[in-house]
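Worksheet: the structure to be examined is printed underneath.
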Amino acid sequence: MDRIPMLLFALLLLSPNVARAWGPAAHRMVAQLAQDQLAPATRVDVKRLLAVTHDHQLADVATWADDLRHLREERALWRSTAPSHFVNFASASCRYDAATECAGGRCIVAAIERNAHTLGDHSRTDAERAQALRFLVHYIGDVHQPLHAGYRKDKGGNAFQIRRKGRGTNLHAVWDSPVLASRHIGWQRQARLLAARPLPRASGGPRQWAEESCRVSRDAGIYPHSHRLDDAYLVRMRPLAEERVRNAASRLAMVLNRELGRKSHR
């Protein structure tokens with residue numbers, strides 16, 4: 001995307017007619033694959049923090065940051081965190097500059113950094129750290145969705161109109177679920193298939209992950225030449241989407257192992 005105002009995109013996210021990238025299945029796959037990669041001590045801490053909200057697995061909280069928009073008592077939290085689901089790059093160079101791309105810390109890169117810091121801070125309450133955990137599970141998934149870290153002036157693909165199966169939609173909506181769902185199996189079975197492959201090496205941080213997603217949105221053929229899509233597009237894009245899920249999972253596990261492995265206050 002060329003530059004678009006973050007406030008505008010936040011308002012668009014608040015609209016019920018705007019699809020969000022990575023549907024529930026994708027976020028749950030990221031969470032499940034990450035949980036399988038946790039160190040034993042990290043698993044204990046994760047279980048304790050999940051119990052704060054009576055949850056049991058990371059997959060149980062994977063969509064919570066999106067679900068906030070539907071919870072009346074959490075509407076203020078949703079509004080304040082809406083810009084934390086994405087970052088807009090100023091140009092196709094995909095180079096992150098905090099002053100340009102994340103003014104006031106209102107972007108996904110800063111949100112991941114803030115919540116990682118809170119999670120690893122033993123001086124914080126379990127309630128604060130549990131909330132940070134829920135945000136991290138979701139945001140690290142989001143930052144690996146290419147349309148959450150692009151450079152085009154199309155509202156994350158929402159303004160890129162598509163005709164599919166005789167119906168109007170947009171590219172963002174196509175990447176929300178149909179691409180990954182083109183295997184036509186449940187998310188748990190799909191997660192097991194992805195887990196059977198060699199694990200990707202986890203490295204970098206949120207800045208590098210966002211830049212990587214921006215380059216993917218630029219270079220990987222996500223934007224089709226035609227505004228009419230058939231199922232062949234979904235099948236062609238699915239390996240890329242699955243690889244982004246696998247990378248997100250390994251990096252989420254890396255962050256949780258590191259932050260929950262800290263033995264002292266910040």
Side-chain angles (χ1 to χ4, degrees), residues 1-10 12-13 20-22 26-27 29-30 33-34 37 65 81-117 119 135-160 171-172 175-176 179-180 199-223 237 239-259:
M1 304 178 217
D2 288 357
R3 291 290 296 166
I4 66 171
M6 283 191 174
L7 179 58
L8 174 60
F9 200 9
L12 284 163
L13 284 171
R20 300 182 304 281
W22 282 161
H27 278 294
M29 280 192 280
V30 169
L33 292 170
Q37 299 176 54
T81 58
S84 297
H85 292 253
F86 63 92
V87 61
N88 297 320
F89 282 86
S91 74
S93 68
C94 295
R95 295 192 186 95
Y96 177 81
D97 176 75
T100 304
E101 275 81 26
C102 200
R106 291 170 62 80
C107 78
I108 197 168
V109 173
I112 291 172
E113 292 170 346
R114 284 194 301 271
N115 284 285
H117 185 276
L119 183 65
F135 276 128
L136 279 173
V137 171
H138 191 86
Y139 292 157
I140 292 179
D142 271 350
V143 80
H144 286 82
Q145 211 287 2
L147 293 176
H148 271 215
Y151 64 93
R152 292 187 178 220
K153 196 174 183 179
D154 64 359
K155 307 174 183 68
N158 281 290
F160 192 96
L171 191 62
H172 198 127
W175 271 81
D176 184 20
V179 171
L180 282 167
L199 295 174
R201 180 176 176 272
S203 61
R207 169 180 175 165
Q208 289 76 29
W209 306 336
E211 290 178 337
E212 180 182 84
S213 282
C214 181
R215 292 191 297 270
V216 169
S217 77
R218 182 190 67 194
D219 301 335
I222 287 175
Y223 282 85
M237 289 290 106
L240 171 62
E242 290 182 338
E243 193 60 22
R244 299 306 290 158
V245 165
R246 282 168 27 86
N247 280 324
S250 290
R251 290 161 177 173
L252 172 58
M254 176 184 72
V255 170
L256 299 187
N257 284 328
R258 181 187 68 216
E259 298 301 330

Next item on the list: Give, for atom CG of L119 and atom CZ of R258, the distance between the pair rounded to the nearest 0.5 Å.
Entry: 9.5 Å
Check: How close do M254 and W209 get, heavy atom to heavy atom, and via which atoms?
Finding: CE-CZ2, 3.7 Å
Margin query: A side-chain contact here means heavy atoms from C-beta on lying under 4.5 Å apart; do M29 and L180 qualify?
Written below: yes
Note to self: Side chains of L147 and N158, heavy atoms from C-beta outward: is any pair under 4.5 Å?
What the structure shows: no
Notebook entry, point to check: Taking all atoms of both residues into account, what is the closest heavy-atom pair of Y139 and A65, and its distance?
Noted result: CE2-CB, 4.4 Å
Notebook entry, point to check: Is there a donor-acceptor contact under 3.5 Å from the side chain of E101 to the main chain of A90?
Noted result: yes
Next item on the list: Check whether any side-chain heavy atom of W175 sits under 4.5 Å from a side-chain heavy atom of S217, and report yes or no.
Entry: no
Item checked: OG on S91 to CZ on R218, rounded to 0.5 Å -> 9.0 Å
Check: Roughly how far apart are I140 CD1 and L256 CG, rounded to 0.5 Å?
Finding: 6.5 Å
Check: S213 and side-chain hydrogen bond (donor to acceptor under 3.5 Å, both in side chains): which partner among H144, H148, R244, Q145?
Finding: R244
Check: Would you say the side chain of I222 lies within less than 4.5 Å of the side chain of L240, judging by non-hydrogen atoms?
Finding: yes
Next item on the list: Compare every heavy atom of R246 with every heavy atom of L33, then report the nearest pair and how far apart it is.
Entry: CD1-CG, 4.5 Å
Note to self: Before you tell me yes or no, could you show the steps for C102 and Y96 under side-chain contact (heavy atoms from CB on, under 4.5 Å), namely the whole-Å CA-CA distance, both residues' side-chain angles and the distance that decides it to 0.1 Å?
What the structure shows: CA-CA 9 Å; C102 200; Y96 177 81; 3.1 Å; yes
Next item on the list: Please round to the nearest 0.5 Å and tell me the distance separating atom CG of L171 and atom NZ of K155.
Entry: 14.0 Å
Next item on the list: May I ask you to test the V137-L252 pair for a side-chain heavy-atom distance under 4.5 Å?
Entry: yes
Next item on the list: Search all heavy atoms of A249 against all heavy atoms of A34 and return the closest pair with its distance.
Entry: O-CB, 3.4 Å
Check: Looking only at heavy atoms, which two atoms of G156 and H172 are closest? And how far apart?
Finding: O-ND1, 2.6 Å
Check: Which atoms form the tightest heavy-atom contact between R106 and P83, and what is the distance?
Finding: NH2-CG, 3.1 Å
Next item on the list: Can you measure from CG (L199) to CG (N247) and round to the nearest 0.5 angstrom?
Entry: 10.5 Å
